[in-house]
Every structure is written in structure tokens, then in C-alpha cells.
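Heads up, the thing below is written out as C-alpha cells.
Residue numbers start from 1 in every chain, and the chains themselves are labelled A, B, ... in the order their sequence lines are given, proteins ahead of strands.
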Amino acid sequence: MDERVVVIGGGPAGLSAAIAAGQLGAPVTVVEKLGYLGGRPIEEHYASLTPHLADAEEVMGGMVHDLEACADVEILLESEVVGVSEGDAPFTVSIRTPRGVVERTSPSVIVATGFQHFDPGRETQLYGYYEFPDVVALQDLEAMLKEGSVVRPSNGEAPKRICFVQCVGSRDRQIGNEYCSKVCCGVASKEATEVRMALPDSEVFIFYIDMRMYGYWESQIYWPAQEKHHVQYVKGIITEVLPKDGKLLVRGEDTTMGRPMEIPMDLVVLSVGMEPSPGTRRMAQMLGIEQNKYGFVEAKNPPLDTVSTSRDGVFAVGTALGPADLEDCASSGGLAAARAVARLGTRVGG
Amino acid sequence: MAKIAALKGGETLQNCYGCGKCVPVCPVDLVGEYGPRKIHRRVQTGLDLFKADELWMCTTCANCLRVCPKQVNMVEVMPAVREAAVAAGDIPEELQLVMEKTFRYGNALGENPRRRHAWTKNAGVPVRVLTNEPDPVDVLFYVEDYWSYHPRGQQAAQAFSRLMTRAGVDFAILGAEEKTIGDSQRLAGEKGLFEALMDDVVQVLGKYEFNRIVTPDPHGFNALVKEYPKYGHSYEVLHYTQLLAPLVDRLSLTKRVDARVTFHDPCYLGRHNGEYDAPRTLIQAIPGVELVEMGRCKGNSYCCGGGGGGMWLDGFNANHLSERLSERRVREAAETGAEILAVCCPYEVSRFEDAAKSTGNESLKVMDIAELLDLAIG
């Protein structure tokens with residue numbers, strides 16, 4: 001029987017898993033609901049990737065190239081997994097493709113269905129994302145950076161003063177997302193750096209609760225943003241955005257000085273966190289794998305087995321498991337590939 | 001922030017990431033609302049440091065730099081911003097007066113330059129003045145302002161001359177030709193004045209042959225060791241405690257001085273230049289003396305408030321501080337149970353004596369180490 005590793009999702013983690021499995025010689029099927037591979041970085045028009053500012057299209061294109069170079073790879077675009085057999089592996093996976101439903105047999109299914117950005121309309125602080133055109137989110141600014149034109153959406157003019165507001169939709173019991181989304185400090189700092197490079201006369205602020213720049217991100221992103229690109233980090237979060245004289249008055253507390261702070265801004269960028277994508281929720285349900293209270297797939301044996309789920313033969317990778325950066329996606333993708341390939345009935349790779 | 005970062009020396013203020021390690025060790029924050037982190041934050045959110053009173057409160061003691069993970073260097077930032085402020089005419093009046101006196105008379109006290117070596121008369125030993133006797137000499141004793149003119153400083157200068165004579169050191173002074181090195185004026189924002197003084201100092205020094213310069217003033221010492229070489233002027237320079245410490249056996253200190261003594265490390269000898277041992281070696285060589293350390297000592301020594309122009313800003317800063325730094329320090333000294341507070345920076349005797357009076361610690365005697373040693377000479 002032709003057994004294949006089935007990877008659901010063609011973003012950074014899914015591609016990492018598929019490439020690793022393919023390079024090990026395994027037959028691989030990648031199922032992607034969109035008409036192209038690359039995941040969020042492509043779908044949301046990322047200009048560059050954190051932390052090294054590599055061009056997002058180039059990097060993701062390179063991954064697609066690596067995948068296509070593998071011996072037995074099947075890429076199903078505009079396709080969705082619509083059914084998985086009950087009981088033990090191997091599973092029969094039903095996939096709806098533009099050419100109709102196909103079935104694949106797989107001892108190991110890898111869920112790489114990713115995240116979605118937190119909807120800032122749900123933020124209890126009322127930042128006015130849907131009210132003020134000049135309040136945008138990280139991915140909106142990312143798309144502007146890709147276009148090479150950072151402007152105030154309200155009037156098309158270059159902003160002189162820009163701020164990022166951290167932890168939007170993260171670390172909030174009221175909203176229900178108690179976790180830190182892990183990448184927003186780095187991504188905001190990366191974008192702040194890019195804004196400063198694009199608009200050298202601009203002033204850029206980052207208002208934060210805690211600056212979470214673990215490991216090398218400290219010296220790769222945070223320190224250069226501050227020291228080379230003059231991004232102003234201010235500890236204290238914005239709690240109100242008010243329209244004033246054509247600008248946005250951001251108000252908060254300067255927590256370290258214990259006093260109120262009020263600064264007019266031209267552009268406010270909300271550093272929205274991660275939530276499980278609809279695909280992650282749907283696939284988790286269909287596969288019958290445990291999800292945590294936030295809807296992400298629950299890893300069964302953390303911390304050293306980050307990819308096994310509650311169902312034998314089903315693995316999860318990347319942001320399907322929770323907030324993750326690209327390094328995490330590559331790591332979990334690789335681990336899941338190894339586990340998945342080990343379950344194939346025939347030895348692979350000669 | 002961008003204006004400050006653009007200044008030579010001002011680059012590092014923006015590097016602060018707000019950890020706050022500097023604030024608890026900032027001597028000014030202990031008696032007021034200060035510290036580099038707070039200055040950084042206030043500049044970020046709109047403070048014009050070039051026009052703020054806070055610009056003048058830093059004593060450049062460098063205790064913040066000692067603990068700063070980002071190496072935010074207020075010892076360079078503050079003088080750079082001050083220099084720009086001074087150029088724009090924004091300088092506290094009392095400091096401006098000192099700058100004028102220094103410019104006009106070559107000393108911060110505005111004293112007559114011809115009276116610079118008047119103290120030698122009562123030294124009890126001959127003190128050669130190179131102007132009159134220009135023969136080569138081993139040690140050029142660079143007396144600096146406060147030992148030349150302040151009555152308590154003069155006593156220390158006299159004592160030090162006796163000690164050098166006792167130790168068989170061949171020494172001489174410049175007399176009326178000496179001008180202040182002006183390092184504190186530099187740190188207070190008058191780099192131009194410092195450089196003009198340096199031209200004069202270097203020219204006078206060039207007239208005479210000597211092996212080493214010895215000075216009691218850690219500020220002048222700091223400039224000779226660290227600043228002069230940047231301009232191509234290098235001398236062998238010792239603080240007076242560094243000259244005496246290896247010679248302590250030659251002093252034959254036989255008279256007992258039965259006292260508990262605590263020692264205040266000058267910022268510019270200790271933290272800035274790493275010398276903590278020489279003064280202690282000397283104090284401990286005195287028979288009968290028990291040296292007790294204050295909680296803040298050596299690398300974490302508290303600042304007397306006199307550095308970086310603070311010597312001349314007590315009135316200006318009084319608006320912002322609950323007490324003078326010297327008062328705070330004297331209380332720390334008194335808490336050790338010491339009878340004598342030993343010092344080895346010419347700024348300190350007068351500062352601490354005033355502070356001892358104002359804090360009700362009159363029983364605490366403030367003495368220069370040279371005076372203490374002089375007492376012990378048999």
C-alpha cells in the first residue's frame with residue numbers, strides 16, 4: 001500500500017515538516033487550502049521575516065523550491081482535509097481538491113494549520129481599530145512596508161510620529177488569552193526598525209508592559225532597534241486612543257515614573273497577538289486531538305516531545321501548537337517529520 | 001533624545017532599557033529624585049535636558065556606569081549636554097562665576113595667582129619653587145587649587161611636604177606658574193576652558209625637567225592620566241597616596257594615634273582610576289589607628305557631591321535635594337562609630353567639615369590622610 005506522510009498546511013512549519021520528510025525519502029502530500037504555499041508570510045504580505053529582515057517572499061519561495069526538489073511530493077492547493085478514518089493508524093485521509101475528493105493512506109498526519117492574528121476589535125481597551133483609519137495592526141504595517149509606502153491611511157501622508165502598542169489581545173484574562181504571543185515584541189521592534197529606515201525623520205515609540213526579547217533576539221533586534229535606529233522604548237501601556245486635531249492622542253501611564261503620559265501620534269500600530277486559526281480548530285476537531293483552553297493543539301509530552309498529540313500518529317507543528325516564532329516552526333516541523341517518517345511501513349532513503 | 005545622541009559623548013543615553021540598576025546606586029537619587037534611568041525616561045517623554053535643572057545635578061561619580069548593563073555613560077553624556085548648554089548661555093550663575101574665576105585667575109577660588117604658594121612659608125620644611133630654582137627635580141608636586149588656597153587644604157599641603165621631606169623625596173612646586181588642571185570645569189561643561197588651561201599647563205611643564213607628577217587632587221590626576229594623553233601629552237602621574245604608600249617605612253611612623261578612623265574613597269581616585277589600596281595602606285600604617293569601613297566603600301563608595309562641578313553648585317542643587325551628598329556621607333561615617341573621617345581629595349575636607357557641623361556630628365573630625373600621617377611622625 002502506498003503510505004504517505006500527510007501535512008495539513010503549507011506555511012513555514014508545514015513546509016519545514018514536508019521538506020524534512022521529503023528529504024528523508026518519504027512520499028509526502030501537502031494539503032493547502034489557499035492557491036499558493038507560504039502561509040501567513042505570503043497571505044498577509046509580510047515584507048520581511050524576524051529577526052534577520054530577510055525578504056519574506058524569497059525565503060518562502062526558497063522553501064517551496066526545496067519541497068518541489070524532493071523525489072515524491074504531491075502538493076494539493078485549494079484543497080482541504082474533509083475526513084479522516086476513525087481508529088488506529090494508518091488513516092485514510094479524504095481531501096477535497098479542485099478535481100474532486102481524493103483519498104490518501106497515511107500512518108502519520110502532521111497538523112500545520114497555524115494561527116490567525118488577534119482581532120483588535122475585541123480588545124477591551126478600545127483602541128479604535130475599526131474606528132480610526134490611522135490605527136492599524138502589525139500585519140497592516142507589514143503590508144505597507146512590503147509596498148514600500150508607509151503612510152497614514154487617513155490621508156496618504158507619511159507619519160511623523162508612530163507608536164506601537166504591545167500585548168494587544170495577549171496576556172489578558174478578560175479576553176481569554178492569558179498567554180504571551182511571544183513574537184510581537186520582536187516583530188514590532190523589527191517593523192519599528194524598518195519604519196525608521198524608511199522614514200528617517202520619524203519618531204518611533206514602543207509602549208510595552210514587559211519587553212520579551214529572549215535569547216539572541218535581544219542583540220539581534222532589541223538593542224539595534226534602540227541603539228542604531230533610535231526607537232524609543234517606553235514601559236507603560238496605552239489605555240486610550242482619542243482623536244484630536246487630526247491626530248491620535250495616545251494616553252497611558254509612564255509606569256516607571258509613576259505619572260500620566262499623553263502623546264499625539266500620526267499612526268498607531270497595535271501589536272496583535274496570535275490565536276488558533278479556524279483551520280487549526282477545525283482540524284483538531286476532525287482529528288479528535290486534544291486542544292487546550294485557548295483552542296491550540298495540546299502537545300502530549302512537553303517539554304521534550306513538542307509535537308505528539310493525544311492521538312497516536314497525529315502530530316502538530318508550528319503555531320497550531322501555540323504562539324511560536326519561525327525558529328520554533330522549523331524545529332517542531334523537523335521533529336514531527338522524523339517521527340512521521342519513522343512510522344512509515346517501509347524503510348525509506350535507501 | 002536625537003539631539004543628545006548626536007553629541008560626541010551623548011550617544012549612549014538612548015541605550016538605556018530601563019532596568020533601573022543605576023537608580024539605587026545614584027548618590028543624587030538617595031537625597032532626591034534622580035538617576036540615569038529617570039533622566040532617560042524623562043528625555044524620552046519630552047524633558048529638554050539642555051535647559052533643565054537636572055542637567056547640573058549629576059556629579060559624574062560613575063557609580064551608575066559601574067552597574068549599567070548597557071554601558072550608558074553619564075560621565076560622558078552629562079558633560080556633552082552641558083557643553084552644548086553652556087555654549088547656548090544656559091549655565092547656573094554660581095557655576096558661571098567659578099568658570100570666570102578659573103579663566104581669569106587660573107584657579108576656581110578666584111584667588112591671586114601670586115599667592116598660590118603662600119602656604120609654603122609655614123610648611124616647616126623648605127619647599128622648592130621651580131620658577132626660582134629651575135634645576136631638574138624628581139617629583140613635581142602639582143598642588144592644585146584647594147591645597148594651595150583653602151586654609152584646611154594648605155595644612156594638608158604643608159603636612160605632605162613634611163612627609164616627602166621625611167621620606168627623602170626630591171620635590172618642587174611650580175608656584176605662581178601653576179594653574180588648575182580644571183577637570184571638574186571640563187565635566188561641568190567647559191571643555192574649552194579645560195583645553196585652554198591644558199595649553200598653559202603643558203607649556204609650563206615643558207619648561208622644567210622632572211620625572212613624575214604627584215598631585216593630591218584626584219580630579220587633576222584623572223585628567224592627567226586619562227585626558228591629557230588624548231591630546232598627545234603623557235606624563236608619569238601619581239596620586240600623593242600612591243607616592244607615599246611604597247615609602248611608608250621611610251616615614252617612621254612611631255607616634256600612636258589612638259582612634260577609630262573611617263575612610264572615604266574619592267570617586268575619581270577609586271571608581272574612576274581603580275586605586276583603593278594606597279590610601280588604606282597609609283592609614284593602616286599608623287600605630288593605634290583602627291580602620292573601620294563604611295557600608296558604601298571602595299567601588300560602591302558614596303559621592304561627596306563635589307565632582308563634575310557639584311563643588312560649586314550646592315546652592316543651585318539645594319532646591320532639588322533633601323540634603324547635601326556630603327551631609328548624607330558624614331552621617332554614614334558617624335554611624336561607623338569613627339572619630340576621624342579620613343579623606344584624600346582636596347574637595348572633601350571643607351565639604352565634610354561643613355556637613356559634620358550641619359548634621360550635628362561635630363565630634364567627627366575630618367582629616368586628610370597627609371595630616372593623619374603627619375601626626376604619627378615621631
Side-chain angles (χ1 to χ4, degrees), chain A residues 160-164 166 185-186 188-189 192-193 195-197 199-214 217-238 249-265, chain B residues 1-26 28-30 32-50 52-55 57-58 64-65 67-74 76-77 80-81 84 320:
Chain A
K160 289 193 184 66
R161 200 183 272 155
I162 302 144
C163 75
F164 292 77
Q166 296 305 108
C185 285
S189 298
T193 296
V195 168
R196 285 281 304 137
M197 291 193 290
L199 305 171
D201 295 331
S202 63
E203 282 182 273
V204 179
F205 293 79
I206 295 183
F207 296 104
Y208 67 94
I209 303 172
D210 301 293
M211 192 38 55
R212 298 189 165 181
M213 292 286 201
Y214 48 91
W217 280 23
E218 181 86 17
S219 51
Q220 287 170 340
I221 315 174
Y222 185 13
W223 292 22
Q226 186 187 44
E227 298 179 358
K228 284 206 191 81
H229 301 286
H230 317 300
V231 174
Q232 300 303 316
Y233 287 84
V234 178
K235 186 173 170 68
I237 214 69
I238 297 305
L249 189 68
V250 300
R251 298 188 66 251
E253 193 205 3
D254 181 343
T255 56
T256 71
M257 300 300 281
R259 54 189 192 187
M261 166 169 81
E262 243 185 39
I263 311 179
M265 293 287 163
Chain B
M1 191 69 77
K3 219 168 118 193
I4 295 172
L7 298 173
K8 187 172 179 338
E11 302 91 345
T12 60
L13 182 64
Q14 64 177 359
N15 296 0
C16 173
Y17 60 13
C19 72
K21 286 183 182 171
C22 54
V23 172
V25 301
C26 173
V28 184
D29 189 75
L30 272 170
E33 186 61 39
Y34 206 64
R37 183 194 69 71
K38 296 180 187 174
I39 298 295
H40 170 262
R41 170 53 35 88
R42 293 189 54 205
V43 169
Q44 272 188 316
T45 49
L47 174 76
D48 183 357
L49 188 58
F50 294 85
D53 283 2
E54 285 81 353
L55 177 58
M57 290 162 67
C58 171
C64 54
L65 181 59
V67 299
C68 178
K70 293 289 294 290
Q71 294 181 311
V72 173
N73 190 344
M74 297 305 268
E76 290 180 354
V77 171
V81 179
H320 299 285

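- Distance check: A/M213 CE to B/Y17 OH gives 12.5 Å after rounding to the nearest 0.5 Å.
- When the candidates A/M211, A/K235, A/M257, A/M261 are compared by the number of heavy-atom contacts under 4.5 Å with chain B, A/M257 comes out ahead.
- Just one of B/R41, B/K38, B/H40 meets the side-chain hydrogen bond (donor to acceptor under 3.5 Å, both in side chains) condition when paired with A/T256; it is B/R41.
- Residues B/Q14 and A/Q226 approach most closely at O-CG, 3.2 Å, considering heavy atoms.
- Here B/K70 contributes atom NZ and A/E227 contributes atom CD; the two are 4.0 Å apart, rounded to the nearest 0.5 Å.
- Across B/M1, B/R37, B/E33, the residue that shares the most heavy-atom pairs under 4.5 angstrom with chain A is B/R37.
- Using a 4.5 Å cut-off between heavy atoms, A/E218 contacts chain B through its side chain alone, with no backbone atom that close.
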